[in-house]
Amino acid sequence: MLIEHQHPDNKSIMVAVLGAPNVGKSSLINYLLGVDLSVVTSKAQTTRNKFHCVFAVDRTEIVLVDTPGLHKTNQELNKRLNDQARSGLEGADLNLLLIDLTRPVIGQLQDFIENMETENFQKTWIIFTKCDRVENYKELPLSMALDKMMEIMPAIERAIVVSTKDGTNMHNLTGSLVDAAIPGPHYYDDGSVSNKNERFFATEYIREQAFELLNDELPYEIAVVVDEYKDMRPKKGEPMDKEKIKSHISASILVNRPSQRAIVVGTKGGMIKEIGTRSRKKIEAMVGGQVHLNLHVKVSPKWFKNNFVLEEIGLPRAKDSNRVWRSK
Ligand SMILES: Nc1nc2c(ncn2[C@@H]2O[C@H](COP(=O)(O)OP(=O)(O)OP(=O)(O)O)[C@@H](O)[C@H]2O)c(=O)[nH]1
Ligand SMILES: [Mg+2]
């Protein structure tokens with residue numbers, strides 16, 4: 001948005017949402033946004049790319065940066081996921097560090113510090129998540145835990161206990177973000193929800209369903225790439241007939257081994273059909289019209305070590321990336 005078109009009372013804040021895998025980062029973002037934009041599954045390491053999610057409260061723009069869960073690793077794919085999380089901090093005015101109340105809290109902070117250089121951390125709030133899963137969470141010695149956390153990491157200013165399942169304190173969190181926002185221009189146009197496009201979210205929604213439906217190590221050995229994305233919606237000014245709009249998307253689910261291909265296809269194609277039906281519904285809700293989705297399963301051995309594929313799915317080399325590359 002052009003600065004000269006900005007209202008003088010505008011405020012904005014960029015907030016990095018950080019924490020271990022599965023603590024509820026994407027769920028928190030979706031709750032604040034009011035839409036299921038970011039993918040959420042019951043499995044750890046669902047989010048693979050950092051990206052911005054944007055919403056506004058009156059004249060305050062809040063930009064939330066979703067990030068992959070940070071964890072210890074030597075594998076190339078995971079190094080790149082960690083790099084996405086670390087770089088999610090860049091330009092943030094505030095960090096929300098999510099700590100899952102159903103697991104030891106101090107240990108999570110120590111793990112986080114081990115995986116992230118936190119010495120230069122600015123303004124950080126601890127968000128204790130999933131309080132609905134803890135009986136009598138108000139009786140937990142959280143203020144003692146917070147004191148200890150502040151000692152370990154001086155950038156921590158405060159803590160909020162939340163649940164995205166029953167909404168505990170989520171309004172307080174929104175209010176606190178608005179209060180912490182800084183007077184100045186908005187970065188995004190009104191109505192923008194993300195810096196990623198619908199094509200990105202289409203791959204995410206396919207991967208989300210595959211992640212949820214597949215078991216064991218298989219979710220971690222799949223990737224989704226869009227081969228063709230034809231947006232058939234009418235251009236600005238053209239008449240809109242919702243029944244007729246049909247976007248065409250052709251996408252591939254990459255697997256590591258031929259035996260995995262058989263599982264993803266399923267008996268009589270049942271699994272791929274289910275992944276397709278569920279993800280198509282979510283993509284249709286996003287684009288606001290009918291979608292024709294063509295899904296394939298391709299064997300791409302060790303795609304998770306292949307620089308070409310990793311770049312294609314938005315994971316460029318990390319600082320600590322391995323030195324040996326497979327070519328296209
Ligand atoms: N009971 C309960 N479950 C939650 C809450 N927040 C998230 N979850 C669940 O926790 C799981 C992980 O949530 P995500 O939002 O995907 O977690 P994440 O931190 O983004 O995970 P990664 O992307 O893997 O790093 C999902 O099954 C969520 O439904 C909460 O407040 N209460
Ligand atoms: Mg996530």
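Note that ligands are numbered from 1 as they come in the structure, with each ligand's atoms numbered from 1 the same way.
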[X] atom [atom1]: more than 12 heavy-atom contacts under 6.0 Å:
X: Q122; atom1: CD; result: no
X: K43; atom1: NZ; result: yes
X: N197; atom1: CG; result: yes
X: E274; atom1: CD; result: yes
X: D58; atom1: CG; result: no

Do any nitrogen or oxygen atoms of [X] lie less than 3.5 angstrom from nitrogen or oxygen atoms of ligand 1?
X: V39; result: no
X: T67; result: no
X: T47; result: yes
X: V162; result: no
X: D66; result: no

Query raised in the report: With hydrophobic residues grouped by side-chain heavy-atom distances under 4.5 Å, do V162 and L146 end up in a single group?
Result: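 No, because V162 and L146 fall into different hydrophobic clusters, even though each may have its own neighbours under 4.5 Å.
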So, the side chain of [X] versus the backbone of [Y]: is there a donor-acceptor pair under 3.5 Å, distance only?
X: Q84; Y: N49; answer: no
X: R80; Y: L315; answer: yes
X: N30; Y: L37; answer: yes
X: W303; Y: E221; answer: yes

Query raised in the report: Is there a donor in the side chain of T102 and an acceptor in the side chain of K130, or the other way round, less than 3.5 Å apart?
Result: no
Report task. Would you kindly say whether H52 and Y188 are connected by a side-chain donor-acceptor distance under 3.5 Å? Result -> yes
Report task. Please determine if K196 forms a cation-pi arrangement with F51, meaning its NZ or CZ atom is less than 6.0 Å from the six-membered ring centre and no more than 45° off the ring axis. Result ->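 Verdict for F51: no cation-pi partner in K196.
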Query raised in the report: Counting heavy atoms only, which part of K130 comes closer than 4.0 Å to ligand 1: side chain, backbone, both or neither?
Result: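 Both backbone and side chain.
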Quick one: look up the protein heavy atom nearest [atom] and list residue, atom name and how far away it is.
atom: atom 12 (C) of ligand 1; value: N22 ND2, 3.2 Å
atom: atom 25 (O) of ligand 1; value: K25 NZ, 2.8 Å
atom: atom 2 (C) of ligand 1; value: K165 CG, 3.2 Å
atom: atom 6 (N) of ligand 1; value: T164 OG1, 3.1 Å
atom: atom 32 (N) of ligand 1; value: D132 OD1, 2.7 Å

Report task. Answer with yes or no whether T129 contacts ligand 1, where contact means a heavy atom under 4.0 Å from a ligand atom. Result ->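 No.
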Query - By side chain to side chain donor-acceptor pair (under 3.5 Å) - contacts of S26 (at least two apart) - result: S38, T47, D66
So between [options], whose heavy atom ends up nearest [atom]?
atom: atom 13 (O) of ligand 1; options: S27, S26, A44, P21; value: S27
atom: atom 17 (O) of ligand 1; options: A20, S42, G24, G167; value: G24
atom: atom 11 (C) of ligand 1; options: N30, T41, L81; value: T41

Requested in this report: For G69, counting its heavy atoms only, list the atoms of ligand 1 lying under 4.0 Å from any of them.
Outcome: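 Those atoms are 25 (O).
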Requested in this report: Measure distances from the Mg ion (ligand 2) and count the protein N, O or S atoms below 2.8 Å.
Outcome: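 If we list every protein N, O or S atom nearer than 2.8 Å to the Mg ion (ligand 2), we get 2.
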